[in-house]
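Encoded as structure tokens, the structure appears first; notes follow it.
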Amino acid sequence: MRRLTRRDLAFVLLALVMGVACIRLGFWQLSRLAERKASNALMAERMALPSLDLAQAVGSTDDLAFRMAEGEGVWDPTHEFLLANRSLAGAPGAHLVTPFRPDGSDLSILIDRGWISQESSNESARQEYRQEARVHVRGLLKPSQAEPTWAFLADPTPIPGGPPRQSWRVLHIPGVQQQTPYSLAPYFLELTEAPASGHSPNPDPAIDLSEGPHLAYAIQWFAFSAIALGGIGVWVRKRLRPAT
């Protein structure tokens with residue numbers, strides 16, 4: 001019987017490590033799928049509840065994530081900003097986020113008003129979306145979005161006393177609070193419908209309750225593992241086969 005060389009053993013070990021790593025990644029995707037299903041169930045349950053009064057919601061210490069809320073108030077366009085790199089039907093653009101002061105509340109809340117085109121995203125073009133009168137808004141309360149773990153992908157923290165950032169990658173409320181001179185609610189409101197008056201961005205009423213790509217990714221990782229482990233088994237048998 002032939003023997004495996006050190007190079008052969010190193011190749012076998014590498015294939016085993018890759019196979020085990022793919023299995024681990026497959027189970028990780030399954031755990032992500034379970035988390036997504038649990039999150040979807042929570043969202044669906046809370047969205048089915050009656051709408052909250054926005055003025056009461058912004059001052060509450062309860063967990064109100066994914067509750068519908070509505071109320072009247074006024075915009076503060078002087079501290080609005082953009083969420084960059086948002087598309088609609090394949091068209092490039094951004095989301096316009098404007099602070100909103102609900103009637104009867106001392107707190108303001110950031111409102112994701114929806115998508116605007118790239119041509120409308122500069123400060124002068126955004127004047128068409130300014131609404132000076134009191135408006136009624138309705139949408140979904142969402143928690144602050146997390147900045148990426150890798151620092152080079154995260155939004156720079158605003159410098160105290162410096163100019164406010166006009167564009168953010170994610171809606172990270174603690175970061176935005178650094179450039180806002182008044183207190184913000186710990187949630188933001190994502191509009192599901194445009195206010196009745198004035199010209200508005202395009203809100204996105206669709207709520208993604210799909211299970212995402214996690215199951216497909218898990219199947220792919222398990223397939224890669226089977227290829228690595230099965231392939232190395234076949235290769236070893238051929239290497240150990242006596243020469244004829």
State whether the side chain of [X] and the backbone N or O of [Y] hold a donor-acceptor pair below 3.5 Å, judged by distance alone.
X    : Y    : result
E70  : R138 : no
S87  : G90  : no
S31  : W28  : yes
R46  : M68  : no
R86  : G114 : no
H172 : A146 : no
R113 : Y129 : yes
E147 : D155 : yes
N40  : K37  : no
S60  : Q56  : no

Residue D106 excluded, over 12 heavy atoms near CG under 6.0 Å: no

CE (M18) with more than 12 external heavy atoms under 6.0 Å: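 No, the 6.0 Å shell around CE holds no more than 12 heavy atoms from other groups.
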
Side chain to side chain contact (heavy atoms under 4.5 Å, CB included) between R126 and E80, intermediate numbers included: CA-CA 10 Å; R126 295 203 309 264; E80 69 184 12; 3.3 Å; yes

Nearest heavy atoms of [X] and [Y], plus distance in Å:
X    : Y    : answer
S167 : A84  : OG-CB, 3.3 Å
P102 : L107 : CD-O, 3.4 Å
H79  : Q179 : CD2-O, 4.0 Å
R130 : P77  : NE-CB, 3.5 Å
S200 : Q131 : OG-NE2, 3.0 Å
A194 : P203 : N-CG, 3.5 Å

Is [Y] reachable from [X] through a run of hydrophobic residues whose side-chain heavy atoms are each under 4.5 Å from the next?
X    : Y    : value
V97  : Y182 : yes
L215 : F27  : yes
F222 : I227 : no
I173 : I111 : no
V17  : F11  : no

With rounding to the nearest 0.5 Å, note down the distance linking [atom1] in [X] to [atom2] in [Y].
X    : Y    : atom1 : atom2 : value
T192 : D112 : OG1   : CG    : 11.5 Å
R36  : S210 : CZ    : OG    : 4.5 Å
L88  : I116 : CG    : CD1   : 12.0 Å
R67  : L141 : CZ    : CG    : 8.5 Å
S105 : L54  : OG    : CG    : 7.5 Å

Steps toward side chain to side chain contact (heavy atoms under 4.5 Å, CB included) verdict (L16, L229): CA-CA 6 Å; L16 291 174; L229 298 179; 3.8 Å; yes

Ring pair (Phe, Tyr, Trp, His ring centres under 6.0 Å) against Y217, all qualifying residues, sequence neighbours excluded: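 By the ring pair (Phe, Tyr, Trp, His ring centres under 6.0 Å) rule, Y217 matches no residue at all.
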
Taking side chain as C-beta onward, heavy atoms only, is [X] less than 4.5 Å from [Y]?
X    : Y    : value
W115 : P201 : no
L209 : M43  : yes
L110 : F81  : yes

Evaluation steps, side chain to side chain contact (heavy atoms under 4.5 Å, CB included), between L96 and L82: CA-CA 5 Å; L96 181 61; L82 299 174; 3.8 Å; yes

CA sep, side-chain torsions, deciding dist, call: L140, M47, side chain to side chain contact (heavy atoms under 4.5 Å, CB included): CA-CA 8 Å; L140 186 68; M47 289 168 58; 3.7 Å; yes

Without placing hydrogens or testing angles, list every side-chain donor-acceptor pair under 3.5 Å for residues 184-191, not counting sequence neighbours.
residue, atom, partner, partner atom, Å
Y187, OH, D62, O, 3.3
Y187, OH, L64, N, 3.1
E190, OE1, K142, NZ, 3.0
E190, OE2, K142, NZ, 3.4

Set of side-chain hydrogen bond (donor to acceptor under 3.5 Å, both in side chains) partners for N85, sequence neighbours left out: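 Testing N85 for side-chain hydrogen bond (donor to acceptor under 3.5 Å, both in side chains), a comparison that skips the adjacent residues, returns none.
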
